[in-house]
Amino acid sequence: MRIALFVTCLADTVFPQAAKATVRLLERLGHEVVFPAGQTCCGQMHVNTGYPGEAVPLVRRYARTFDPYDVVVAPSGSCVGSVRHQHAWVARRAGDERLASRAESVAARTYELSELLVDVLGVTDVGAYFPHRVTYHPTCHSLRSLRVGDRPARLLRAVRGLTLVELPAAEQCCGFGGTFAVKNADTSTAMLADKMRHVLSTGAEVCTAGDVSCLMHIGGGLSRLRAGVRTVHLAEILASTEEAV
Amino acid sequence: MNGRDVVLSRLRAAVSADGPAGRVPRDYRRERPVDLDRLVERLTDYRARVHRVPEAAVADTVAGLLPPGATVVVPPGLPPAWLPPTVAALPDDGLDVARIAAADGVVTAAAVGVADTGTVVLDGSPDQGRRILTLLPDLHICVLRAAQVVAGVPEALARLTPRRPLTWISGPSATSDIELDRVEGVHGPRVLHVILLP
Amino acid sequence: MTRTFLGMPATAPPGVGHLRGDEPFPAAARRALADPQLRRNLGHATGTIRGKSAAVIDEVPDWPQLRAAGAAIKADVMARLPDLLVQLEAAVTAAGGVVHWAPDAVEANRIVTGLVAATGADRVIKVKSMVTQEIGLNEALSAAGITPVETDLAELIVQLGEDRPSHILVPAIHRNRAEIREIFLRAMPGVDPGLTDEPAALAAAARRYLRQTFLSTPVAVSGANFAVAETGTLAVVESEGNGRMCLTLPRTLITVMGVEKVIPTWRDLEVFLQLLPRASTGERMNPYTSMWTGVTPGDGPQEFHLVLLDNGRSAVLADPVGRPALHCIRCSACLNVCPVYERTGGHAYGSVYPGPIGAVLSPQLTGVADNASLPYASTLCGACYDACPVMIDIPSILVHLRAEAPHPRAESTAMAAAAYTMDHPTLYAAAQRAARLSRLAGQRGRGLPPPLSGWTASRDLPDPPAQTFREWWAAR
Ligand code: SF4
């Protein structure tokens with residue numbers, strides 16, 4: 001299958017290993033990955049900070065860039081959530097009904113990685129090998145905006161060598177929330193502290209998730225603590241093989 | 001403009017662009033069979049004490065719940081056979097507040113019982129009386145017939161008359177205000193007995 | 001306000017009531033976060049209620065259908081609100097009640113104070129109601145020489161502790177049993193000095209303290225959970241029996257309700273009476289629900305007044321995106337699941353409406369400029385939407401209100417610049433390179449300028465990658 005990658009601005013700039021792993025994984029599974037030129041950002045930061053008007057060109061750019069493709073994947077639950085639940089609203093708010101329906105059409109073909117694998121490609125065992133103790137944080141947007149459910153856990157359970165340990169209070173937000181971490185830094189820090197406490201209580205070596213932003217937030221906190229727990233994107237685990245270890 | 005005109009014209013302006021209202025989906029459960037055991041279990045769970053006896057045994061049951069000589073408020077239409085001779089009945093012929101408040105208990109019938117929620121509903125009929133009667137005494141004995149029990153809230157509302165004053169009672173008075181823990185006994189009766197007749 | 005605009009949707013007036021805080025949310029939150037006892041109390045209480053509520057919701061297989069019905073009934077109510085209120089007024093009047101209309105808090109306070117004064121009473125008993133807190137009725141009554149007595153246990157704890165409520169349902173949620181015992185020992189006249197901190201003992205102390213007041217006060221003020229337009233029936237849902245006392249014993253009953261509380265038919269109660277207790281206190285049914293229609297001769301209050309309050313609701317109604325905030329049945333489930341509320345408590349929100357619903361309701365009632373920090377008091381995690389029994393999409397309303405909020409000049413400039421860059425891939429790639437260079441030059445993950453410094457104060461940014469993804473792809 002020909003799959004267009006929406007890398008997302010954050011993965012592109014700060015976390016390219018997640019996007020590279022997405023490419024390696026899909027190619028290993030026998031699919032063709034293309035990287036449409038002209039893509040930048042979904043506009044979520046603008047929308048969630050109160051600037052939906054400024055996001056209109058980004059919504060238009062996204063629709064134009066990805067409209068030619070039947071299947072689009074992004075290694076980020078929150079960016080897919082924005083595409084699916086915000087783009088048409090942004091367009092309608094600006095009075096652009098044509099853009100809104102185009103955005104809805106592209107959104108219907110845009111998938112988060114675990115959705116793509118399980119629902120579209122029909123695989124849960126991707127042939128990965130990752131001999132580590134791992135805990136999974138189900139990030140709010142994957143959990144509640146996209147409802148990815150147990151797809152990531154099913155994918156992780158099929159990884160050879162991997163021990164999946166349950167994260168206490170897993171469904172609680174890590175406190176990132178984009179601009180929230182800046183505008184309400186104290187509350188965000190308090191939430192992060194609880195999330196880290198729970199991660200450390202699992203004894204896991206690796207904390208994984210399907211969202212680059214939350215991983216960056218949790219990873220940043222763990223690094224400051226020198227806790228010795230690594231944050232690794234779901235795509236990186238699924239892309240790991242015996243040969244590559 | 002008076003207050004009424006101001007409020008109504010503001011609200012009319014606010015909905016002026018509305019289209020027709022959507023349909024309300026009502027595919028939740030209704031008209032289910034009654035499970036008396038469930039009623040008993042749920043009443044008990046919220047600390048009501050349940051006694052399943054035949055109608056002929058009501059007076060004896062009441063006698064067992066109150067010490068001899070206890071004063072009991074009695075609504076005007078309560079079946080006299082429900083009261084044991086051991087208690088001192090205070091029939092409500094316009095009893096004043098002080099006498100009701102000083103009574104040891106009150107015996108009433110009920111209008112409806114709700115199995116799902118462990119609820120009895122009083123509707124002010126003559127065998128239940130004014131609302132104050134079941135509010136001030138610390139002990140309430142409520143006699144409920146099996147035929148008055150319904151499965152859930154929809155079935156209960158269908159049997160009730162809105163114009164009557166209604167009191168839905170689910171266990172004794174309680175509060176969750178201290179650490180969100182339910183504790184029994186604040187202002188309403190602290191003890192609730194339900195006598196369930198076949 | 002000029003006469004011309006009298007009939008247009010309007011926000012709640014400033015200077016009266018409790019819809020506006022004294023300081024922005026982040027500042028108030030900082031103080032709350034510094035109080036470890038508060039965080040423990042909140043964590044314990046919200047955790048308890050979440051567990052109880054989940055268990056009783058699990059018992060109901062048609063919960064999703066009930067939620068959908070509840071949401072649809074409320075949407076229908078809003079679309080027909082003026083007509084339903086006129087219908088309600090007619091039904092209440094026919095049953096012997098008197099209906100009053102209050103465009104705002106000032107008017108509502110004037111109406112209620114006047115009604116109490118007309119009875120000659122100098123004291124009223126009150127059953128907990130959000131709306132009378134919203135309009136500052138207690139202050140208005142006190143100013144008129146009338147003593148308001150709160151009869152709900154938690155409200156009593158707040159009143160005796162000279163504190164402010166911090167939760168919709170459990171206003172003293174921020175207090176634990178030991179603190180409540182201390183407040184009672186200090187401020188409750190005639191309290192037994194041997195009082196323990198057993199919840200049952202504390203409840204019994206409140207029972208003794210309020211008993212005589214209940215029996216001797218001729219006027220009560222209540223709110224309402226529901227008002228049925230078809231029949232004129234009002235419903236109050238409660239636990240302790242203080243509601244029954246207020247609704248049964250006095251000669252005069254005055255009920256103040258927000259206009260949005262009306263529901264069309266008697267039958268609609270079957271939906272809300274299933275949703276509310278399970279979402280709210282986590283009970284299958286709350287201990288007491290009272291329903292009354294006008295006046296019943298010989299039973300209960302013989303004089304009944306219903307005050308219908310706008311106070312900003314028409315402005316909320318006029319905004320199609322924000323309108324569902326009026327669907328709220330005040331169950332407080334959204335507070336109990338909110339990770340922000342759990343850490344900051346209710347006082348940080350300033351308004352009497354805290355938590356997620358407060359963050360969307362208060363700014364709409366007052367106009368966003370007067371509560372501009374509240375729409376940002378959320379990570380948009382969506383837990384509130386999932387918990388809400390009437391399916392209010394709070395995150396979407398928050399995002400909508402952020403767009404309406406006044407923005408700091410520097411932020412607007414930065415956002416416009418960022419959008420321009422993001423819409424020009426060449427500029428964007430250049431910006432990525434520039435960011436990497438400046439980061440490599442500085443200390444890793446530290447020393448960002450404000451406001452971004454708030455983010456890096458407690459977390460490291462990851463090592464800057466040697467190559468962006470698009471550079472890697474191009475070189476492949
Ligand atoms: S918004 Fe929903 S969850 Fe929150 S208090 Fe209102 S009804 Fe309950």
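First the proteins, then the strands, lettered A, B, ... as listed; each starts at 1.
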Keeping the roles fixed (side chain from A:H46, backbone from C:M415), state whether a donor-acceptor pair exists under 3.5 Å. yes
Has the side chain of C:R402 got a donor or acceptor atom that lies under 3.5 Å from a matching backbone atom of A:N48? yes
Which pair of non-hydrogen atoms, one from C:T379 and one from A:C173, has the smallest distance, and what is that distance? OG1-SG, 3.1 Å
Tell me, with the steps shown, if A:R60 and C:D423 meet salt bridge (Lys or Arg N to Asp or Glu O under 4.0 Å). CA-CA 9 Å; A:R60 186 171 293 120; C:D423 196 30; over 6 Å; no
Honestly, the part of A:R93 sitting under 4.5 Å from a heavy atom of chain C is side chain
Do any N or O atoms from the side chain of A:R144 and from the backbone of C:D386 form a donor-acceptor pair under 3.5 angstrom? no
Chain C heavy atoms under 4.5 Å from A:S145: which part of the residue, side chain, backbone, both or neither? neither
Is C:A418 in contact with chain A via its backbone, its side chain, both, or neither, using a 4.5 Å heavy-atom distance? both
Under a 4.5 Å heavy-atom cut-off, does chain C meet the side chain of A:V47, its backbone, both or neither? both
Could you give me the CA-CA distance, side-chain angles and deciding distance for A:K20 and C:E471, then say whether salt bridge (Lys or Arg N to Asp or Glu O under 4.0 Å) is met? CA-CA 11 Å; A:K20 290 188 223 172; C:E471 289 167 338; over 6 Å; no
Any non-hydrogen side-chain atom of C:L380 less than 4.5 Å from a side-chain atom of A:F180? no
Using the ring of each side chain (for Trp, its six-membered ring), is A:F35 parallel, tilted or perpendicular to C:W473, with breaks at 30° and 60°? tilted
Do C:R50 and A:E171 pass the salt bridge (Lys or Arg N to Asp or Glu O under 4.0 Å) test, and can you show the C-alpha distance, the side-chain angles, and the key distance before you say yes or no? CA-CA 13 Å; C:R50 284 199 298 268; A:E171 301 195 349; over 6 Å; no
Counting only heavy atoms closer than 4.5 Å, note whether A:V56 contacts chain C via side chain, backbone, both or neither. neither
What part of A:T139 gets within 4.5 angstrom of chain C, counting heavy atoms only: side chain, backbone, both, or neither? neither
Using non-hydrogen atoms only, which part of C:A405 is less than 4.5 Å away from chain A: side chain, backbone, both, or neither? neither
Counting only heavy atoms closer than 4.5 Å, note whether C:Y428 contacts chain A via side chain, backbone, both or neither. side chain
Under 4.5 Å heavy-atom distance to chain C, tell me which part of A:C9 shows up: side chain, backbone, both or neither. both
Full working for side-chain contact (heavy atoms from CB on, under 4.5 Å) between A:R61 and C:M422: CA-CA 9 Å; A:R61 169 169 292 279; C:M422 295 290 199; over 6 Å; no
Less than 4.5 Å to any heavy atom of chain A: does that hold for the side chain of C:S373, its backbone, both, or neither? neither
Of all heavy-atom pairs linking C:R470 and A:D12, the shortest is NE-OD2, 2.6 Å
Sort A:L5 into side chain, backbone, both or neither according to what part of it lies under 4.5 angstrom from a heavy atom of chain C. side chain
Between C:Y420 and A:E54: side-chain donor-acceptor atoms closer than 3.5 Å: no
With a 4.5 Å cut-off on heavy-atom pairs, point out which of C:G382, C:A431, C:S396, C:A34 contacts chain A the most. C:G382
What is the minimum heavy-atom distance between C:P26 and A:N184, and which atoms define it? CG-OD1, 3.4 Å
